[in-house]
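I have placed the structure first, in the form of structure tokens, so that the comments after it can refer back to it.
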Number of protein chains: 2
Amino acid sequence: MAKRPNRATISDVAQAAGVSISSVSNAINGKTAAMTEETLQRIQAAMRELDYRPSSVARGLAMQRTATLGLVVTEIETPLFLQAVTPIEREARQAGYSLLLVNARNEEDEREAVNLLLEKQVDGMMVISTSDPRQNDHLHKVQAEGTPVALINRADVSPEFDQINWDNMTGVKDLVRHFAGLGHRRIAILVGPVNRRSTQERLQGYRAGLEASLLPFDEDLVRPGDYTATPEDWKNSIEELLALASPPTAIIASDDIVAAVVIRALQEMGKSIPGDVAVAGIDDQPFSQYLGLTTMQLPVAEAGRQAINLLLERIHHPEKQAKHILLPCPLVIRDTCGGNKAG
Amino acid sequence: MAKRPNRATISDVAQAAGVSISSVSNAINGKTAAMTEETLQRIQAAMRELDYRPSSVARGLAMQRTATLGLVVTEIETPLFLQAVTPIEREARQAGYSLLLVNARNEEDEREAVNLLLEKQVDGMMVISTSDPRQNDHLHKVQAEGTPVALINRADVSPEFDQINWDNMTGVKDLVRHFAGLGHRRIAILVGPVNRRSTQERLQGYRAGLEASLLPFDEDLVRPGDYTATPEDWKNSIEELLALASPPTAIIASDDIVAAVVIRALQEMGKSIPGDVAVAGIDDQPFSQYLGLTTMQLPVAEAGRQAINLLLERIHHPEKQAKHILLPCPLVIRDTCGGNKAG
DNA sequence: TTGAAAGCGTTACCAG
DNA sequence: CTGGTAACGCTTTCAA
């Protein structure tokens with residue numbers, strides 16, 4: 001726990017350059033308008049000489065802003081949300097901010113995480129999580145204390161937060177209509193945890209799609225699952241589905257990984273894809289393109305980009321109203337749904 | 001850019017509790033041994049009352065340590081290294097540290113990133129990157145200034161840094177021997193960028209494996225590629241490989257994604273896997289298990305875990321010598337190599 | 001155009 | 001056992 005060897009401070013630089021601390025400070029912060037060329041030169045030389053690096057900690061204390069943003073990510077089964085991290089970090093840094101990353105494993109952990117970020121005095125924070133219903137009172141308090149918050153995939157009803165959400169509803173509706181357009185009349189859907197808002201929206205989209213295609217809704221074709229369901233569970237679901245008197249010719253999986261499992265299961269059962277059964281996923285994970293998987297894209301990176309931009313906007317203009325953005329989930333048509341070149 | 005409404009400070013608490021600032025500070029930091037129960041109670045009550053949260057910025061300035069660690073990740077094509085982030089964050093937080101995440105897009109960017117972390121006065125930093133040959137002089141300077149550095153996948157020769165590397169050599173050797181043991185005599189390998197150290201090691205492992213299996217080395221079976229090679233490029237490679245007078249019966253892909261492409265290409269050519277051609281990947285990405293892909297695992301999460309533990313160790317005991325750890329890359333035998341239940 | 005000095009919120013040392 | 005007070009490194013205001 002040894003203290004680090006003292007690095008050069010602003011006063012060292014001032015002394016070396018033979019000027020006052022304020023002048024060095026001004027030089028650092030580009031308030032160079034009213035400064036002799038010579039002084040500036042001397043200061044810069046001294047800084048280089050001493051390998052001076054300003055302390056953002058001290059600066060943070062003095063200015064009451066840290067140039068740091070917080071990102072809280074709920075740890076989920078698939079590393080899906082991690083895809084938002086890279087673009088967020090990029091935009092943050094471009095705007096002169098650093099990123100403090102915190103993982104939250106559950107709701108209580110999230111509170112702790114938020115608290116931590118508050119102690120670190122971040123200038124703003126983003127929270128990305130699954131769409132389970134949650135309490136957001138701690139986040140309201142954060143905003144009340146003056147730290148802007150942007151939410152991804154939370155669908156909080158209050159207009160107070162900047163928010164990005166995905167249009168699961170329309171996405172799945174489009175998917176169903178696409179299948180219907182391909183001639184499918186029995187379209188099954190595997191869904192995740194029912195309490196999750198995304199699940200609800202997808203089911204709505206499913207029904208809406210059927211309706212728009214003049215297809216009847218059949219309870220038997222909806223298989224509830226869970227993100228913790230094992231591959232075995234999903235395989236069983238598939239078998240039951242295919243054992244139906246009138247089995248589905250198309251299956252929408254709850255995510256791309258489940259889709260991959262479904263495809264394997266079907267192949268093991270000797271079914272051809274999409275010949276016997278068409279399949280689509282949800283997510284558009286990186287590997288999906290290599291599977292030729294048709295899927296509904298969840299634009300995670302885009303969500304991150306938009307979230308941080310909203311956040312930055314509001315940090316700079318706290319008086320402006322928060323915005324809610326509903327991101328479209330485009331269909332990515334590849335091979336597993338048929339009708340494509342690879343048919 | 002409005003200033004945030006002033007939050008309660010330590011002196012507010014002191015005033016409210018009718019004690020001195022020092023006492024509050026002591027209470028916060030658990031130096032509660034020599035304190036009246038009553039004073040403590042009063043202080044705690046005041047803290048709760050005012051919703052007091054200590055400022056880590058101020059504390060950082062006073063203590064010259066920020067309880068923050070930096071993580072520099074080179075942005076790579078596949079999000080492979082992101083798998084290290086979650087475990088690193090977890091361990092960091094458990095140890096009382098926060099994580100500042102910085103993405104570096106290239107070498108120059110890395111310098112900038114490191115500088116940023118230095119300004120933020122992190123107590124230590126980790127760098128994870130591809131194994132291209134690099135200059136590490138800036139990192140040497142960081143350590144010289146007293147900030148410990150741990151490296152993942154850099155294979156720097158100097159003993160000065162804590163380091164985690166993967167034993168690509170042995171891993172690929174094992175893979176080759178596994179194939180040989182299955183009766184394969186023509187084993188092809190697709191490799192990434194040749195200047196990358198991992199590529200070199202894998203080629204060494206490849207040769208060593210052949211030798212150990214008494215198999216001849218055949219230049220034709222080594223297909224150099226590039227992480228930027230398109231799926232088309234890899235398909236062409238496969239076609240050329242299969243057009244050989246004596247075509248391979250087993251293929252080791254340069255990573256799991258390439259393996260997925262290879263598998264698709266083979267399937268499109270009407271080959272069965274592993275019946276006609278066995279395939280293995282390198283990485284063990286999350287999706288690989290759903291493909292039934294046999295692969296050489298790159299224990300990324302484990303590398304992260306070990307790196308941060310080394311780093312923490314050295315932060316607390318700067319006098320101790322840095323350690324180098326070579327992490328084994330175990331084979332994950334699944335279906336695509338044959339010989340397994342799924343044959 | 002430059003400099004002195006007062007904060008920023010904590011910790012840590014040293015008297016009382 | 002408690003309370004002053006001097007750092008910590010920087011920004012900012014106000015004089016000169």
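Residue numbering restarts at 1 for every chain, and letters A, B, ... go by the order of the sequence lines. Both backbone and side-chain heavy atoms feed into the values below; hydrogens, waters and symmetry mates do not.
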Is the number of heavy atoms from other residues, nucleotides or ligands under 6.0 Å of Q15(B) CD greater than 12?
-> no
Between R134(A) and E107(A), is a salt bridge (Lys or Arg N to Asp or Glu O under 4.0 Å) present by the stated rule, with each step listed?
-> CA-CA 8 Å; R134(A) 293 161 190 275; E107(A) 263 196 88; 5.1 Å; no
Rounded distance in Å - [atom1] ([X]) to [atom2] ([N]):
| X | N | atom1 | atom2 | answer |
| --- | --- | --- | --- | --- |
| N26(A) | dC14(D) | CG | P | 15 Å |
| E38(B) | dT2(D) | CD | P | 9 Å |
| L40(A) | dT2(C) | CG | P | 9 Å |
| I10(B) | dG4(D) | CD1 | P | 14 Å |
| I21(B) | dG7(C) | CD1 | C1' | 13 Å |
| Q15(B) | dG4(D) | CD | P | 12 Å |
| E37(B) | dC1(D) | CD | P | 12 Å |
| L61(A) | dC8(C) | CG | P | 9 Å |

Between [options], which one does the side chain of [X] approach most closely?
| X | options | value |
| --- | --- | --- |
| S25(A) | dT11(D), dT10(C), dC1(D) | dT11(D) |
| K31(A) | dT12(D), dT2(C), dT11(C) | dT12(D) |
| Q64(A) | dC8(C), dG3(C), dC10(D) | dC8(C) |
| T36(B) | dC1(D), dC10(D), dT1(C) | dC1(D) |
| S20(B) | dG4(D), dC1(D), dT2(C) | dG4(D) |
| S23(B) | dT2(D), dT11(C), dC10(D) | dT2(D) |

May I ask you to say what [X] touches in the nucleic acid, namely base, sugar-phosphate or nothing, with a heavy-atom cut-off under 4.0 Å?
| X | value |
| --- | --- |
| S56(B) | nothing |
| S22(B) | base |
| V19(A) | sugar-phosphate |

May I ask you to test the H140(B)-S158(B) pair for a side-chain heavy-atom distance under 4.5 Å?
-> yes
Side chains of V72(B) and M126(B) in contact at under 4.5 Å (non-hydrogen atoms) | no
Test for a donor-acceptor pair under 3.5 Å between the base of dG9(D) and the side chain of S11(A), counting only N and O atoms.
-> no
Determine whether the side chains of S55(B) and K120(A) contain a donor N or O and an acceptor N or O closer than 3.5 Å.
-> no
